[in-house]
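Take a look at the structure below.
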Protein chains: 2
Amino acid sequence: MVSELIMTVTDRNTEEIILEAACTIFFQKGFAGARMQEIADSAGINKALLHYYYRSKDQLFEAVFNRALISFLPTIKIALEAEMPLTQKIAKFVENYVDVLIANPHIPAFVIHELNTDPNRVVLKLKSHGVDPRIILRQVDEAIAAGEIRAINGEHFLINLLSLCIFPFVARPVAQGILQKSNEEYTLFLQQRKSEILEFVMQSIKAS
Amino acid sequence: MVSELIMTVTDRNTEEIILEAACTIFFQKGFAGARMQEIADSAGINKALLHYYYRSKDQLFEAVFNRALISFLPTIKIALEAEMPLTQKIAKFVENYVDVLIANPHIPAFVIHELNTDPNRVVLKLKSHGVDPRIILRQVDEAIAAGEIRAINGEHFLINLLSLCIFPFVARPVAQGILQKSNEEYTLFLQQRKSEILEFVMQSIKAS
DNA sequence: GTCTATATTGTGATAGAC
DNA sequence: GTCTATCACAATATAGAC
């Protein structure tokens, strides 16, 4: 029984090591560009073990994709559903979300690319995780009615907010090239965006 | 000589048909996900002909990537370098750029993904096409100095502008899912963005 | 559980007839 | 220029020893 326990622990570790290596490779190269050999090398183990634990490339990818979503959805969910005034909620969302993006800079481009190439691969797991955008849309309308902010279109505003937060990460090579920044300079630039986005957004919605 | 002329014309047509089919497939699936067989099928010809005209998958991809850049850079260049006041230039840029995006909705995600996976593949052809972002950055600073707009960070402003224009195309599946829109509804939504972005941006920079 | 060796299929590329 | 047939290799997946 002791040996069973030890083996189980060992299993978990290897399984986790593989998954992390798979994340690194899949996030960077996507499903089609990733190679099982490369993942095995990155995990410091053998190709056959990948199949032992995850059966096929498809199933390994599925696990990676799930982890990618799980890294982000809770943050979004918490920020969107919190009980606070709209402007405060926006501030909290931008701050938390950009922090998560800095911690996981490759995930957005990965998810977006996989959804673009094969929209059927993951049949919108957003809903299954219970993120409901209507909450924030309703709150925007309420804030307009209460005169807290000027009249805007809630849907466009929501997409604007997401665009400002996510795009600089998704299009990092392009943006970095345009601004002619080094890696360090661009990382700093991303840090600054939390306050810059907030100022930009607040200015654009404040009641006149 | 007549036959030579005719053959030349025929060549050009086949070459062009292949390139267009290759664009369709590469834009959607990326370099790693695209299959030469699929491109041949899409072009209604044979796999061998692809190699006859473009030698290798790499070279065919190169041609596709070039076409993708050429579709966009002139519009950006013209808009950025035009001789007009900043606010007017911004308006023109948003309008023209979103129109080009609507006409070529898959290109941004394609370019971004390829630059993300292999930053070396195309060694920043932006510069080779002569797009210089410093023009607009300088103009922003001048407008601030002249009191036309409130004090903002030019670099963040430029990235904000690009984010608002491009992101809804790059992340279409995600955004469409969040807003729960049909294809027709989302296409309409993209059309509306021209005025929405402008209003949003102008409000955020206008002198107080 | 982990490895080596191998089977099997997929895919880019070429040869050669027409 | 265009096709069919085929090569050569890459990549996923499995078999079987330890």
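Reminder, nothing fancy here: chain letters follow the sequence lines and each chain counts from 1.
- Across all strands shown, B/Ala34 has heavy atoms under 4.0 Å from sugar-phosphate atoms exclusively, and none from any base.
- Side-chain N/O atoms of A/Ser56 include none lying less than 4.0 angstrom from OP1 or OP2 on D/dT12.
- Between the CG atom of B/Asp41 and the P atom of D/dT4 there is a distance of 12 Å, rounded to whole Å.
- Distances from the side chain of B/Met36 to the nucleotides D/dT12, C/dA13, D/dT4 place C/dA13 closest.
- A sub-4.0 Å separation between OP1 or OP2 of D/dT14 and a side-chain N or O of A/His51 is absent.
- The nearest whole Å value for the distance from the NZ atom in A/Lys57 to the P atom in D/dA11 is 9 Å.
- The interatomic distance linking A/Phe61 (CZ) with D/dA13 (P) rounds to 14 Å, in whole Å.
- Spacing between atom CD of A/Gln37 and atom P of D/dT12 amounts to 9 Å, rounded to whole angstrom units.
- Listed pair B/Tyr53 / D/dT2 meets the phosphate criterion, a side-chain N or O lying under 4.0 Å from OP1 or OP2.
- In terms of phosphate contacts, B/Arg35 brings a side-chain nitrogen or oxygen within less than 4.0 Å of OP1 or OP2 of C/dG12.
- Note that CG of B/Leu164 and CZ of A/Phe167 are 10.0 Å apart. Values are rounded to the nearest 0.5 Å.
- The CG atom of A/Leu50 sits 10 Å away from the P atom of C/dC3 (whole-angstrom rounding).
- Separating the CD atom of A/Glu38 from the C1' atom of D/dT12 is a distance of 15 Å, rounded to the nearest angstrom.
- A salt bridge links A/Asp99 with A/Lys194; the closest basic N to acidic carboxylate O contact falls under 4.0 Å.
- Judged purely by distance below 3.5 Å, without hydrogens or angles, the side chains of A/Asn153 and B/Arg193 never pair a donor atom with an acceptor atom.
- Contact annotation: B/Arg55 side-chain N/O to C/dT14 OP1/OP2 distance is under 4.0 Å.
- Judged purely by distance below 3.5 Å, without hydrogens or angles, the side chains of B/Gln37 and B/Asp41 pair a donor atom with an acceptor atom.
- Rounded to an integer number of Å, the gap from OH of B/Tyr54 to P of C/dT14 is 17 Å.
- In this structure, B/Phe61 and B/Phe31 have perpendicular ring planes: the angle between them is above 60°, well past the 30° mark.
- Taking only side-chain atoms of A/Tyr52, from C-beta outward, the nucleotide of C/dT2, D/dA15, D/dT4 with the closest atom is C/dT2.
- Here the nucleotide nearest the side chain of A/Thr14, chosen from D/dT12, C/dT2, D/dT2, is C/dT2.
- Atom CG of B/Leu49 is separated from atom C1' of C/dG12 by 15 Å (rounded to the nearest Å).
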